[in-house]
There are 2 protein chains.
Amino acid sequence: MENPFVRKMERHVRLAPEDRAVLDGLGRQHVRHVAARQDIEGQQSDPSHTHLILDGWACRYKQFPDGRRAIVALLLPGDLCDPFVFRRAHMDHAIGALTSVTVARIAPDQLGDAIRGRPAVEECLWREMLATTALHREWIASVGRRSAIERLAHLFCELHLRLARVGLADGMTLPMPVTQPDLADALGQTSVHINRTLKELRISGLVALRSRRLTIRDLDGLMERGLFDPAYLQLS
Amino acid sequence: MENPFVRKMERHVRLAPEDRAVLDGLGRQHVRHVAARQDIEGQQSDPSHTHLILDGWACRYKQFPDGRRAIVALLLPGDLCDPFVFRRAHMDHAIGALTSVTVARIAPDQLGDAIRGRPAVEECLWREMLATTALHREWIASVGRRSAIERLAHLFCELHLRLARVGLADGMTLPMPVTQPDLADALGQTSVHINRTLKELRISGLVALRSRRLTIRDLDGLMERGLFDPAYLQLS
DNA sequence: ACGACGACTTAACACAGGTTGGCGCACGTT
DNA sequence: AACGTGCGCCAACCTGTGTTAAGTCGTCGT
């Protein structure tokens, strides 16, 4: 069974069997479990390795001195925590597990070795980086100019696409293992208001959320409500 | 006189004279002027070149169907509009001139040629990319979890650092050639509220803003007010 | 079956920030 | 000098979202 990373990368470019094997190998070594609400990487650290999420959800977040938390990105299975490690950058944020998570530790030169002589691998890693920064931009636009209900609708559309890409969406229903306070910190709101907004989406027949699974009842309606345009994810 | 791009890059790594010359050369060809409020790159285009800002301010923005505009990044002299062109990505946003702007058009392979055989150049371009994504993260956190006055204070601190880095800050005063509606779209607020907030910062003696120039009267106070931690800009 | 715990839900109230609209200044044009 | 225009500034009012504080529900361990 291939890991979700390979499945995602194949969406970017056509991979030869050896390319696939190399990428798959990255996710098979140094597998580690992290409990929910534990940090995978602290806010002040100088990480020497990167992590590949194999299972569970994590997030990139910034914690303010007074306790406020801003989640600046959600990390799903198949996502690479920090493709830049080999530049030995200092962390300006933390990476935390939202659910219990399994990750593979990857040393910087393993990534370098994987790329060397394999243009397709390099290409798909680049494309992945492009998609990630496009996602960042979309989040800034979302928090800056979308209303509460638009934001939530937009996020659900985004997650649907991202999870489908790694084979984790079952048609129109997807896992949604995070709490409402988590969603609030990701969308720049309070959990109470997330709850209100969720109710509104439910009443208008766009989604259903039960026992940590989200079902999209009306994808077109949801996309319209969230001003969602799938183009930005660069799925060539 | 060196262009601002070179000055910024030198902050990342030590450059040999030939490295400097190569970077400087990038800003000397195909110089073009763009009038204020004109697009440098449209929202639907497939850009074949990148642009280096030599003078004036521009922004990366997304326009919503109903007219709302979200500015997701400010581009200052020395900033590269899109270092990724060589991956032929589709634009998911536009780049617009906020003031009148002079740019240099750069072809994808010119960048490639500049890097080839010059590890220092490659290194500083990487570092620049890291700093840019760190900036994106900080903006998400800002719009998501900072109050109006914190956001504005934080932005002013950021601009002070970024402009100083390219030699455009005159001690504690810096050019601020954008209108209040522009600031509003960058910070996810209305121009009226920007105005209120500006007044508050002025009254508390933190800044003064007159004839398109901002003077920071109390940098420590401003940093504290905006929860500003300069570490994220990765100025090694 | 019971209690405990965590997460969800709701209601009442408060307030930060949005909306609308008007005034004035600086500057460029004629 | 008169006029137009773009921008800063301000006040009155309004509303979306935050705050606080109770519940309620589901799950798990005993």
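So that the names make sense, note that chain A is the first sequence line, chain B the second, and so on, each numbered from 1.
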- Does the dG26(D) base have a donor-acceptor partner in the side chain of Arg210(A) within less than 3.5 Å? no
- Query: Counting only distance, no hydrogens or angles, is the base of dG18(C) paired donor-acceptor with the side chain of Arg196(B) under 3.5 Å?
  - Reply: yes
- Message: Tell me the interatomic distance from Glu200(B), atom CD, to dC10(D), atom C1', rounded to whole angstroms.
- Response: 15 Å
- Task: In whole angstrom, give the distance that lies between atom CG of Leu214(A) and atom P of dC8(C).
- Result: 13 Å
- Message: Does Glu128(A) form a side-chain hydrogen bond (donor to acceptor under 3.5 Å, both in side chains) with His12(A)? I'd like the steps, not just the answer.
- Response: CA-CA 8 Å; Glu128(A) 182 59 17; His12(A) 290 308; 2.9 Å; yes
- What is the nucleic acid contact for Arg151(B), judged by heavy atoms within less than 4.0 Å: base, sugar-phosphate only, or nothing? nothing
- Asp39(B) and Tyr61(B): side-chain donor and acceptor closer than 3.5 Å? yes
- Message: Do Arg213(A) and Thr173(A) pair up side chain to side chain, a donor and an acceptor below 3.5 Å, judged on atom types alone?
- Response: yes
- Task: Return the value, rounded to whole Å, for the distance between atom CZ of Arg37(B) and atom C1' of dT5(D).
- Result: 13 Å
- Earlier contact from the 5' end, DNA chain C, for Arg146(B) and Leu198(A): Leu198(A)
- Message: Measure CZ/Arg213(B) against P/dG8(D) and give the value in whole Å, please.
- Response: 16 Å
- Go through the side-chain N and O atoms of Arg105(B) and His51(B) and say whether any donor and acceptor fall under 3.5 Å apart. no
- Task: Scan side-chain atoms only and decide if His193(A) and Arg196(A) contain a donor-acceptor pair under the 3.5 Å cut-off.
- Result: yes
- Can you find a side-chain donor-acceptor pair between His136(A) and Arg137(B) that sits under 3.5 Å? no
- Query: Do any of residues 172-191 of chain B sit with a heavy atom less than 4.0 Å from DNA chain D, and if so which?
  - Reply: Thr179(B), Gln180(B), Pro181(B)
- Asn195(A) CG - dG23(D) C1' separation (whole Å): 13 Å
- Query: Would a 4.5 Å heavy-atom cut-off, applied to side chains only, mark Asp185(B) and Lys62(B) as touching?
  - Reply: no
- Find the distance Leu209(A):CG to dG26(D):P and express it as a whole number of Å. 14 Å
- Note on the structure: Closest to the side chain of Arg212(B), out of dG8(D), dG17(C), dT17(D), is dG8(D)
- Which whole-number value in Å describes the distance from Leu201(B) CG to dC9(D) P? 12 Å
- Message: Heavy-atom nearest nucleotide on DNA chain D for Lys199(B) versus His193(A): which residue maps closer to 5'?
- Response: Lys199(B)
- Whole angstrom value for the distance that separates P of dA16(C) from CZ of Arg145(B): 16 Å
